[in-house]
Amino acid sequence: MEDAATLGRTEGVPENQVQSATHLGGALVERTPNPGGLALVSPYHTHRSGDPLDLVVLAEQVLKANEFIRANATNKLTVIAEQIQHLQEQARKILEDGLRDADLHHVACNIVKKPGNIYFLYRRESGQKYFSIISPTEWGTGCPHDFLGAYKLQHDFSWTPYEDIEKEDAKISLVDKLLSQPLALSPSSEPSFQGLTQSRR
């Protein structure tokens, strides 16, 4: 014989829907047929708070919640994966730039290199590379060696290719403006972007 509490919980609900709801993960709080030692005439009618299909509705709600949680987690993980990919790309570029800068600092040069100046890279017939302050335009048709490129020596002793100088200078100029206009500390706990917005006007 089935337990009275079980009958009370599923009374009025088709058996196939009860099994389906249970399979989906829906469940109602167990009821006590004799609360405080007092026998109830009908636990189902005493505890009933809605439609007899509440168990099915709850199961559907649990299933929908699971789907939302899974979708939410997937979206957040996708954002993290994109950030990781972006960071990996930045790390790769930093390593490549570092290797290039190190190689350029080992290039033969008969002058003391000063930050802020542009130097022109040539290669002799022997294969030796060297830096010169004379551009191919200044050489004219009498340029004695193969021209490989021009680079600007930055103040942090990194090298910027000639075609990227304008973009890099604009970036450095923006940073200098931001550093010259420090954000005023406000007693408010809210973040302040006053310095950033004013510097862009």
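Keep in mind it's a predicted model, so treat the numbers as computed, not measured.
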Supply the members, apart from Phe68, of the Ile/Leu/Val/Met/Phe/Trp/Tyr cluster built from side-chain contacts under 4.5 Å; use none for a lone residue.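 Via sub-4.5 Å side-chain contacts, Phe68 links to none.
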Carboxylate-amine/guanidinium proximity below 4.0 Å for Lys171 and Glu168: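 Looking at Glu168 together with Lys171, the answer is yes, because their closest N to O distance falls below 4.0 Å.
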Gln90 and Leu87: CA distance, side-chain angles, deciding distance, side chain to side chain contact (heavy atoms under 4.5 Å, CB included) verdict: CA-CA 5 Å; Gln90 284 187 316; Leu87 291 174; 3.6 Å; yes
Group every Ile, Leu, Val, Met, Phe, Trp and Tyr by side-chain heavy-atom contacts under 4.5 Å, then state whether Phe157 and Phe120 land in the same group.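 Same cluster.
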Is there a side-chain contact between [X] and [Y] (heavy atoms, below 4.5 Å)?
X      : Y      : value
Leu153 : Asn117 : no
Trp139 : Tyr122 : yes
Tyr119 : Ile111 : yes

So how far is it from [X] [atom1] to [Y] [atom2], rounded to the nearest 0.5 Å?
X      : Y      : atom1 : atom2 : answer
Gln154 : Ile172 : CD    : CD1   : 4.0 Å
Leu179 : Leu174 : CG    : CG    : 9.5 Å
Ser158 : Leu104 : OG    : CG    : 10.5 Å

Just list the side-chain donor-acceptor pairs under 3.5 Å for residues 74-82, sequence neighbours left out, or say none.
residue	atom	partner	partner atom	Å
Thr74	OG1	Arg70	O	2.8
Asn75	ND2	Ala71	O	3.3
Thr78	OG1	Thr74	O	2.7

Would you mind writing out the side-chain donor-acceptor pairs for residues 128-138 within the sub-3.5 Å range, not counting sequence neighbours?
residue	atom	partner	partner atom	Å
Gln128	OE1	Arg124	NE	3.4
Tyr130	OH	His145	ND1	2.7
Ser132	OG	Ile134	N	3.0
Ser135	OG	Glu138	N	3.3
Ser135	OG	Glu138	OE1	3.4
Glu138	OE1	Ser135	N	2.8

Where do Glu89 and Arg92 land on the salt bridge (Lys or Arg N to Asp or Glu O under 4.0 Å) test, with the steps shown first? CA-CA 5 Å; Glu89 187 66 21; Arg92 182 190 62 78; 2.3 Å; yes
Listed once per pair and sorted, the ring pair (Phe, Tyr, Trp, His ring centres under 6.0 Å) pairs that draw on residues 87-116, sequence neighbours left out: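 Listed once each, the pairs are His105-Trp159.
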I need the full list of salt bridge (Lys or Arg N to Asp or Glu O under 4.0 Å) pairs touching residues 148-163, with sequence neighbours left out, sorted by first then second residue.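 Listed by first then second residue: Lys152-Asp169.
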Going by the salt bridge (Lys or Arg N to Asp or Glu O under 4.0 Å) test, which pairs reach into residues 98-115, not counting sequence neighbours?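 Found Asp97-Arg100.
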Does a sphere of radius 6.0 Å around CD in Gln85 hold more than 12 heavy atoms from other residues, nucleotides or ligands, not counting ones at 6.0 Å or beyond?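 No.
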